[in-house]
Amino acid sequence: MDVAVAASLGAGVLALIFAAILIYRVMQVDQGNETMQRIAVAIQEGAMAFLRREYTYLAVFVVVVAIIVALLVEPRTAVAYILGALVSAATGALGMLVATRANVRTAAAAMTGLNPALRVAFSSGAVMGMSVVGLGLLGVGLMYVVYSNIYPDIDAAEIMKWVAGFSFGASSIALFARVGGGIYTKAADVGADLVGKVEQGIPEDDPRNPATIADNVGDNVGDVAGMGADLFESYVGSIIAAMAIAATAYAIADYDASFMILPMAIAGAGIVSSIIGTFLVRSGEQASFGSLLWSIRRGIFASAIIVAIATFAVVNYLEFSHVEVGGQTIAASDVGLRLFGAVLVGLIGGVIIGLITEYYTSYDYSPTKKISQSGETGPATVIISGFATAMQSTVVPVLVVGGAIWIAFELFGFYGVAIAAVGMLSTLGITLATDAYGPVADNAGGIAEQSHLDPEVRERTDALDSLGNTTAATGKGFAIGSAALTALALMAAYAQAVDLTVISLLDSKTLVGLFIGAMLPFLFSAFTMAAVGRAANAMVNEVRRQFREIPGIMEGTAEPEYAKCVDISTRGALREMVVPGVLAVVAPVLIGVFLGKEALGGLLIGSIAAGFMLAVTMANAGGAWDNAKKFVETGNFGGKGTPHHEATVVGDTVGDPFKDTSGPSLNILLKLMSIVALVFAPLFLDFGPIL
């Protein structure tokens with residue numbers, strides 16, 4: 001086996017070893033008093049019960065799709081599909097298992113200081129990050145190496161068609177995890193906010209609030225398992241897209257060719273860089289929000305710098321031959337430098353998108369402050385100003401992604417674009433950690449509130465939670481940007497697989513595909529938003545019923561029926577996630593079969609362009625509304641309990657499904673339709689368009 005391949009796979013193993021060490025460290029932390037542990041167990045049981053039921057539904061879907069792929073495409077692709085689904089499901093389960101045990105330990109650590117609490121919460125998030133990159137790199141790398149050695153006479157391009165099934169399996173799990181988890185968490189959140197905060201005037205984490213346990217469970221199933229599955233798919237999708245493009249564009253026959261190894265080598269370097277970066281995340285005891293944020297940034301920026309240096313070393317170690325790119329011959333001596341430039345484009349683009357998302361969603365900056373101020377005239381103006389700000393926030397991300405695509409393409413064609421996506425996601429181990437730690441801090445605050453711990457404990461968890469909201473918003477921006485690049489790279493791999501060199505916008509079928517593709521993100525979002533609305537309606541009615549029919553809840557002499565709220569969220573999420581999931585898989589296949597490969601290319605272009613901007617708008621609107629509410633809750637404009645506060649709570653409630661259900665789910669829609677097109681490419685070639 002080539003040294004670079006072995007080193008890349010070794011980095012994947014290293015990530016899993018580091019994750020195991022982090023799990024051990026987290027589990028050694030004290031769990032606090034008996035009340036804290038009882039609440040934590042309720043959250044754990046609710047989260048794992050939902051995951052078991054969700055995975056039971058998904059098992060049926062995966063088996064059915066695997067049979068279809070085996071019959072219509074290739075049995076070896078079906079094997080890769082099943083493995084991709086299993087690994088993706090395992091990463092989500094592991095991340096949530098740790099997160100639901102780290103929350104109470106974070107609350108207990110906050111009793112001694114801010115930095116211990118930050119270390120526990122961040123370590124649990126790093127478990128998710130390291131599990132995703134470790135299992136993702138090992139899954140793709142081992143499948144490629146094993147298939148290449150079992151079938152040595154088959155060229156790399158054909159093998160990558162089989163390996164693409166791994167990304168398809170990951171996408172299937174990711175979509176349902178995001179949609180199902182998003183519906184669950186927002187139904188609970190809306191019930192806790194509208195009835196608890198607005199109608200009863202109690203905090204959402206107050207133990208008297210019947211939806212509080214369901215809300216805490218939802219943070220984990222949506223923002224830990226869901227986000228992990230989303231970025232796992234982006235991670236493996238970008239690597240597979242780069243390898244598939246290389247195999248086809250450069251007619252590679254050997255499995256250890258440099259162009260095939262490079263994406264795995266960059267990912268391996270990113271793992272090592274992320275591990276180093278995690279050691280730089282720490283804070284002082286009296287840390288301000290700014291210093292807490294800088295502690296997170298320090299780890300991310302350090303990882304990006306280290307992976308850039310490591311990539312430069314990798315491209316100089318690998319031996320490249322001269323190649324033709326866009327009719328231009330690139331000398332062997334220039335290949336490595338151009339590819340290094342593409343990686344830098346991805347790294348810098350990811351950082352810029354994260355920072356601009358923070359600017360539009362953090363209450364430290366004027367856009368969110370203005371949204372908060374608009375609450376003086378009621379909830380309508382909060383919603384209007386928030387949506388306008390979110391639409392404006394699309395400008396810079398579109399320019400950044402557009403610029404990244406253009407520069408990377410000029411450097412090395414669509415292979416350069418795919419390598420830029422790999423570069424953007426190379427530091428995912430720490431980037432995902434900064435996102436996944438947020439729900440742990442949020443849960444810790446809820447446990448502190450429900451356990452009646454000292455106010456200073458809640459102040460510390462609130463500081464971590466506030467930071468988590470900011471990192472979650474920037475994480476969503478990063479996820480959307482990387483999804484756009486990954487989807488475009490997968491689309492390019494599809495175009496090469498079906499020998500599609502030109503997509504003519506003057507062709508009527510292409511235009512039909514383009515318009516249908518641009519419509520699908522809106523239809524998909526309509527399904528998910530309506531699903532949240534129906535589930536939330538049932539939750540609101542149940543919470544109202546309990547306040548009305550169970551005497552003593554408000555006085556604290558009777559305990560709410562938390563389990564009924566958990567069950568409502570679970571049933572609503574599982575019932576409502578089916579239609580959006582099936583739509584994403586069926587639509588590209590139908591267009592490809594009936595209208596042909598050119599029309600399907602148009603559909604992918606339309607969905608990526610429209611879906612990217614809609615996802616940015618929805619994610620940033622929800623993040624800005626959330627922090628506009630929090631800005632009031634810090635004491636501005638009269639603080640909690642005022643009409644101004646109620647107006648921003650309504651805005652936040654509208655924004656919840658925007659930022660945590662529909663917006664993030666669009667990432668996976670774009671990638672899933674592109675990978676479906678790539679996997680079913682042989683079907684379109686064999687049968688051609690029916691119409």
Side-chain angles (χ1 to χ4, degrees), residues 1-12 136-138 140-149 151-161 163-164 235-273 307-326 328-347 408-426 489 492-493 496:
M1 184 186 296
D2 184 274
V3 174
V5 175
S8 301
L9 297 179
L137 181 54
L138 282 173
V140 174
L142 288 175
M143 286 219 66
Y144 175 64
V145 171
V146 169
Y147 273 160
S148 297
N149 284 278
Y151 306 100
D153 298 328
I154 297 179
D155 63 28
E158 188 65 25
I159 289 174
M160 286 312 302
K161 292 179 183 177
V163 176
Y235 189 73
V236 301
S238 66
I239 296 172
I240 287 173
M243 295 173 72
I245 292 170
T248 304
Y250 310 130
I252 292 171
D254 300 326
Y255 87 94
D256 57 352
S258 294
F259 285 109
M260 302 297 290
I261 295 172
L262 181 60
M264 292 191 291
I266 294 171
I271 287 174
V272 177
S273 303
V307 80
I309 296 170
T311 298
F312 186 77
V314 166
V315 297
N316 280 283
Y317 171 80
L318 296 174
E319 297 179 357
F320 297 99
S321 58
H322 70 278
V323 292
E324 293 281 338
V325 176
Q328 175 188 5
T329 300
I330 300 177
S333 58
D334 293 336
V335 169
L337 190 60
R338 283 175 173 251
L339 291 172
F340 174 66
V343 172
L344 283 184
V345 165
L347 280 170
F409 187 86
E410 289 296 314
L411 287 170
F412 225 93
F414 273 114
Y415 183 72
V417 175
I419 286 296
V422 175
M424 182 179 287
L425 288 159
S426 61
Q496 291 192 346

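The nearest pair of heavy atoms linking L344 to A308 is CD2-CB, 3.9 Å. When every heavy atom of G423 is checked against every heavy atom of L347, the shortest pair comes out as O-CD2, 3.3 Å. Scanning all heavy atoms of the two residues, the minimum distance from Q496 to A244 falls at OE1-O, 4.4 Å. When every heavy atom of A241 is checked against every heavy atom of A418, the shortest pair comes out as C-CB, 4.3 Å. Considering all non-hydrogen atoms of both residues, A408 and A420 come closest at CB-CB, 4.0 Å.
Separating the CG atom in L339 from the OG1 atom in T311 is a distance of 10.5 Å, to the nearest 0.5 Å. To the nearest 0.5 angstrom, L137 atom CG is 12.0 Å from S426 atom OG. Atom CD of residue E410 and atom CD of residue Q328 lie 8.5 Å apart, to the nearest 0.5 angstrom. Going from atom CG of L142 over to atom CG of L9 covers 5.0 Å, rounded to the nearest 0.5 Å. Here CD1 of I419 is found 4.5 Å from CD1 of I266. Values are rounded to the nearest 0.5 Å. Note: Y235 OH to I240 CD1 = 12.0 Å, rounded to the nearest 0.5 Å.
Qualifying ring pair (Phe, Tyr, Trp, His ring centres under 6.0 Å) partners for F312, counting only residues two or more places apart in sequence or in other chains: F340. With sequence neighbours excluded, the residues that form a salt bridge (Lys or Arg N to Asp or Glu O under 4.0 Å) with E158 are K161.
You'll find the side chain of V422 stays beyond 4.5 Å of the side chain of V343, heavy atoms only. The shortest distance between side-chain heavy atoms of D155 and I159 does not fall below 4.5 Å. Here the side chains of V140 and M243 are in contact, with some heavy-atom distance below 4.5 Å.
Applying the side-chain hydrogen bond (donor to acceptor under 3.5 Å, both in side chains) test to pairs two or more places apart or on separate chains, none has a residue in residues 333-344.
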Test V315 against L337 for side chain to side chain contact (heavy atoms under 4.5 Å, CB included), laying out the working first.
-> CA-CA 7 Å; V315 297; L337 190 60; over 6 Å; no
Intermediate values then yes/no, side chain to side chain contact (heavy atoms under 4.5 Å, CB included), F412 and V335 | CA-CA 8 Å; F412 225 93; V335 169; 3.8 Å; yes
Would V5 and M260 count as a side chain to side chain contact (heavy atoms under 4.5 Å, CB included) if you check the C-alpha gap in whole Å, the side-chain angles of each, and the deciding distance to 0.1 Å?
-> CA-CA 9 Å; V5 175; M260 302 297 290; over 6 Å; no
Audit row: I239, M264, side chain to side chain contact (heavy atoms under 4.5 Å, CB included) steps and yes/no = CA-CA 7 Å; I239 296 172; M264 292 191 291; 4.2 Å; yes
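Here the side chain of T248 pairs no donor or acceptor atom with the backbone of I245 at under 3.5 angstrom. Formation of a donor-acceptor pair under 3.5 Å by the Y415 side chain with backbone atoms of F259 is found in this model.
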